[in-house]
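Positions are given from 1 along the sequence.
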Amino acid sequence: MKKKFVGGVLLLLSGAAASMDNSSFQQFENEYNLGYGYQGGQLIDGNQNTSSFNAQSINLEVERLFDIGIWLDGNFNMVTDYSQPNLGSLNGGDGSGDPFGQDPFMFSLTAKVGYAFQTVDQHLQLIPYAMFGRTVNWATSTVIANGGQNLTGDYFYTGGLGGRISYRINQAILVYADELYTYNWDNSGAVKSIQSNPDLYGKSYAATNYTFTSTVGAKFNVYKDLQLGVNGFWNNYQPQSNISGIVYTPTNTFGGMVSVGLTY
């Protein structure tokens with residue numbers, strides 16, 4: 001009886017997979033692209049003083065939607081230009097003599113895996129997904145707190161959960177909205193009194209934070225395999241320990257990205 005039940009479930013699942021048609025969305029989501037991004041952000045210290053920064057970046061993305069509905073998306077992002085006011089030797093900035101600022105996310109390598117559900121006659125798609133990866137922590141305060149040691153040891157383990165809703169207007173245009181919760185677990189070991197109050201938090205990692213990211217965007221299949229993309233995003237950062245009054249951390253950033261790629 002048990003064997004018959006298991007066999008029936010497997011047959012049902014295989015039949016559902018066979019009847020699923022993802023081709024309408026694969027036209028947009030089987031792709032790779034190179035993007036250029038710009039963002040502006042706000043920094044805040046423990047005394048509620050604020051400042052700002054601007055950054056430019058390039059992004060390499062590879063995306064795949066399989067016939068059975070599994071969705072994969074990989075991204076490598078690298079900041080190519082960064083500027084902020086001079087906030088002193090501890091926080092860096094233009095003219096401070098330090099090579100970094102207080103936005104730590106200079107490089108990242110992340111992957112997302114999810115499952116695509118389709119509704120509304122091949123026009124609406126829902127993808128819940130998990131994200132994981134690694135992001136560098138190259139804030140000036142972290143580099144100083146670690147005594148300027150090998151920068152490869154200053155990084156976050158990054159993980160999160162998200163969801164994406166996409167609407168295929170026609171064969172040439174798809175629009176989407178994405179919401180992502182990310183936890184950045186600091187592994188740099190920068191826990192000295194420079195960054196946190198050891199009387200309250202002991203050896204907690206001062207740079208650990210979580211982030212909410214909201215994104216809206218569109219993809220345009222303009223000619224044969226050529227695809228253009230555009231998106232806008234907002235990040236809200238929340239530190240997970242009591243950052244000292246003299247250290248600045250990101251709080252909100254806004255930006256956008258344009259991309260050019262090929263479908264396959």
Side-chain angles (χ1 to χ4, degrees), residues 1-35 59-77 108-135 157-184 211-233 257 259-264:
M1 185 70 173
K2 183 177 180 180
K3 290 183 178 179
K4 291 182 178 180
F5 175 76
V6 173
V9 171
L10 293 176
L11 183 62
L12 180 63
L13 291 175
S14 63
S19 62
M20 184 183 303
D21 181 10
N22 285 301
S23 60
S24 297
F25 286 94
Q26 286 172 324
Q27 294 174 3
F28 293 93
E29 294 170 344
N30 288 355
E31 58 89 20
Y32 52 91
N33 69 74
L34 180 66
N59 187 81
L60 179 63
E61 179 184 30
V62 180
E63 185 180 11
R64 175 79 173 183
L65 176 61
F66 292 90
D67 292 340
I68 59 175
I70 295 174
W71 175 76
L72 299 177
D73 183 70
N75 284 269
F76 172 73
N77 188 271
S108 66
L109 180 62
T110 60
K112 299 173 183 175
V113 56
Y115 188 83
F117 299 90
Q118 293 187 37
T119 60
V120 193
D121 191 27
Q122 304 292 314
H123 282 279
L124 186 66
Q125 179 193 66
L126 304 175
I127 304 179
Y129 63 84
M131 186 270 283
F132 57 92
R134 182 163 159 165
T135 307
Y157 283 126
T158 297
L161 297 173
R164 175 173 294 195
I165 181 170
S166 302
Y167 186 78
R168 186 181 66 85
I169 296 176
N170 52 40
Q171 293 184 348
I173 304 174
L174 178 142
V175 295
Y176 64 90
D178 191 295
E179 188 71 26
L180 172 63
Y181 164 81
T182 303
Y183 190 80
N184 296 301
T211 308
F212 292 100
T213 301
S214 301
T215 305
V216 293
K219 298 181 179 185
F220 306 92
N221 290 342
V222 293
Y223 179 73
K224 292 186 176 180
D225 297 329
L226 179 64
Q227 182 179 97
L228 303 180
V230 61
N231 69 60
F233 58 85
M257 179 172 290
S259 64
V260 57
L262 297 172
T263 59
Y264 61 91

Quiz item: Glu63 and Lys219: salt bridge (charged side-chain N to carboxylate O under 4.0 Å, His left out), yes or no, with the steps?
Solution: CA-CA 13 Å; Glu63 185 180 11; Lys219 298 181 179 185; 2.5 Å; yes
Quiz item: Taking the six-membered ring for Trp, is the centroid-to-centroid distance between Phe117 and Tyr115 below 6.0 Å?
Solution: yes
Practice problem: Before giving the answer on side chain to side chain contact (heavy atoms under 4.5 Å, CB included), spell out for Phe66 and Asn22 the whole-Å C-alpha distance, their side-chain angles and the decisive distance to 0.1 Å. | Solution: CA-CA 8 Å; Phe66 292 90; Asn22 285 301; over 6 Å; no
Practice problem: Report the residues that fulfil side-chain contact (heavy atoms from CB on, under 4.5 Å) with Tyr157, sequence neighbours left out, ordered by chain and then residue number. | Solution: Tyr155, Trp185, Asn187
Exercise. Please examine the side chains of Asp225 and Tyr264, heavy atoms only from C-beta on, and report whether any two atoms are closer than 4.5 Å.
Key: no
Quiz prompt | Short side-chain donor-acceptor distance under 3.5 Å, Thr263 and Glu31 | solution = no
Exercise. Rounded to the nearest 0.5 Å, what's the gap from OG1 on Thr213 to CG on Asp178? Could you check?
Key: 8.5 Å
Quiz item: Quick one: does Gln125's side chain get under 4.5 Å of Leu174's, heavy atoms only?
Solution: no
Quiz item: For the side chain to side chain contact (heavy atoms under 4.5 Å, CB included) test, which of Val230, Val175, Leu226 pairs with Phe220?
Solution: Val230
Practice problem: Kindly write out the residues that satisfy salt bridge (Lys or Arg N to Asp or Glu O under 4.0 Å) with Glu61, not counting sequence neighbours, or none if the list is empty. | Solution: none
Exercise. Could I get the full list of side chain to side chain donor-acceptor pair (under 3.5 Å) partners for Thr135, not counting sequence neighbours?
Key: Thr158
Quiz item: Do Gln122 and Arg168 have side chains that get closer than 4.5 Å, going by heavy atoms?
Solution: yes
Self-check item: Side-chain touch Arg134/Leu109, heavy atoms, less than 4.5 angstrom
Solution: no
